[in-house]
Amino acid sequence: MKRVAVLGASGYAGRELLRLLRGHPRFAAPLAMSARRDSGAEAAASPFESSVAPLDLEQLRDVDGVFVCAPHGAAAELAAEAFARGAAVVDLSADFRLRDSARYAATYGRPHPAPAMLEHAVYGLTEHARSRVRTARLVANPGCYPTSILLPLLPLVDAALLDAGAPVVADAKSGISGAGKAPTERTHYGSVHENCQAYDVGTHRHGAEIAQEVPALRVVFVPHLLPAFRGMLTTLYLRPRDGVGADAIRSCLAEAYAHEPFVKVYVNGLPHLHAVQHTNFCALGVAAAGELVVIVSALDNLVKGAAGQALQNMNLMLGLPETAGLG
Ligand SMILES: NC(=O)c1ccc[n+]([C@@H]2O[C@H](COP(=O)([O-])OP(=O)(O)OC[C@H]3O[C@@H](n4cnc5c(N)ncnc54)[C@H](OP(=O)(O)O)[C@@H]3O)[C@@H](O)[C@H]2O)c1
């Protein structure tokens, strides 16, 4: 049995990891630690939760893998400590997703907290980075929005099926858990209930991550908040190159993901949130819309967009079956 630790275990992503790890066949009960406020409280909140202890990095000496589920900025320091103690590290924050520290500073408004670590980081969109993840010691788990956008786009870019001169519009909608557990004016119940709002248009930080991974495309990324707790639905509007229609786009995706356990390409119809909530699936559906093609990409932001993809990556890093613990 391998030993793993979850740092930031009292947050939404950390708790989701604890839920998944409970059913993992090759991991012993995880060390669950949290920074500040809620240590111990989660155990009282639910009889099914592992207890969450205060952060004690000395305990990381004996673990094989560490999941860092803290906010960006703080996460880099925790990841560096775990890395120095010899653990395989999957960081769920944005701290190691951007390869260029100048781009990080421009996007996050502060210098990178651990620039010397960037050379070790692999961007862990698992389906497209499997061989690099297997040998990595530090994996930057992709953001939830980028996962929902890059999984459908990358095979089409590789196959040169898109009109390179036309922008791709990514109209993306997330459940409120994507914003973490601390309420803000935008995310508290009264603002979200029976509402839907676009936010951070043209400035959302995930835009930099998407641009890094598909530099040849201009992606117009418009995030929205849904009046739902979990789930993400992204509608992509794209112009294929001449002679390419919706059927060719669907075939390309179906072929690219034919052997992938966690990406499903619909033969007919379009996915919705209920189809993917609480699962590690990203579901893709394709439809013709005049001269454009529409792709709908649905996933659970807390699972495929965070904890589930992190577990896929950790499994690979520790030499286990990629699907272990993921149903
Ligand atoms: N939510 C999502 O859908 C999602 C998706 C992809 C990636 N992520 C990323 O995953 C990370 C966690 O997200 P979340 O939604 O779970 O956030 P969250 O609900 O706000 O939880 C944050 C966690 O980090 C801990 N923490 C806060 N400040 C800290 C510090 N200075 N040092 C160490 N730990 C600290 C908190 O501990 P206390 O409770 O003790 O304060 C809590 O356990 C973030 O980097 C986020 O961007 C989240």
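Both counts, for ligands and for their atoms, begin at 1 and track the order of listing. Keep in mind that the numbers below use all heavy atoms, side chains included, and drop hydrogens, waters and symmetry copies.
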Original post:
Any N or O on Tyr12 sitting closer than 3.5 Å to an N or O of ligand 1?
Top reply: yes

Original post:
Out of Ala74, Gly11, Pro71, Gly305, who gets a non-hydrogen atom closest to atom 24 (O) of ligand 1?
Top reply: Pro71

Original post:
Which of the numbered atoms in ligand 1 are below 4.0 angstrom from a heavy atom of Asn301?
Top reply: 3 (O), 5 (C)

Original post:
Is the closest side-chain donor-acceptor distance between Asp95 and Tyr104 under 3.5 Å?
Top reply: yes

Subject >> Per-atom contacts, ligand 1 versus Ser34 - under 4.0 Å to a heavy atom >> reply: 37 (O), 38 (P), 39 (O), 40 (O)

**OP:** Could you pull out the closest heavy-atom pair between Phe281 and Lys304, with the gap in Å?
**Re:** O-CB, 4.1 Å

Original post:
Should we say atom CG of Asn268 is surrounded by more than 12 heavy atoms from elsewhere, each under 6.0 Å from it?
Top reply: no

Original post:
Who gets closest to atom 5 (C) of ligand 1 by heavy atom: Ala32, Ala307, Ala306?
Top reply: Ala306

Original post:
Does any N/O atom on Gly8 come nearer than 3.5 Å to any N/O atom on ligand 1?
Top reply: yes

Original post:
Any Lys/Arg nitrogen of Asp300 or Arg230 sitting under 4.0 Å from an Asp/Glu carboxylate oxygen of the other?
Top reply: yes

**OP:** Kindly confirm or rule out an N or O of Ala179 lying under 3.5 angstrom from an N or O of ligand 1.
**Re:** no

Original post:
Would the His120 and Phe96 ring centres measure less than 6.0 Å apart?
Top reply: no

Original post:
To which of Ser177, Ser174, Ala13, Gly180 does the heavy atom nearest atom 1 (N) of ligand 1 belong?
Top reply: Ser177

Subject >> Subset of ligand 1 atoms that lie under 4.0 Å from at least one heavy atom of Leu302 >> reply: 1 (N), 2 (C), 3 (O)

**OP:** Establish, yes or no, whether a centroid distance under 6.0 Å links the rings of His204 and Phe221.
**Re:** yes

Subject >> Nearest candidate to atom 12 (C) of ligand 1, where distance is taken over non-hydrogen atoms, out of Gly143, Pro146, Pro54, Cys69 >> reply: Cys69

Original post:
What heavy-atom pair brings Thr187 and Ala179 nearest, and what distance separates the two atoms?
Top reply: CG2-CB, 3.8 Å

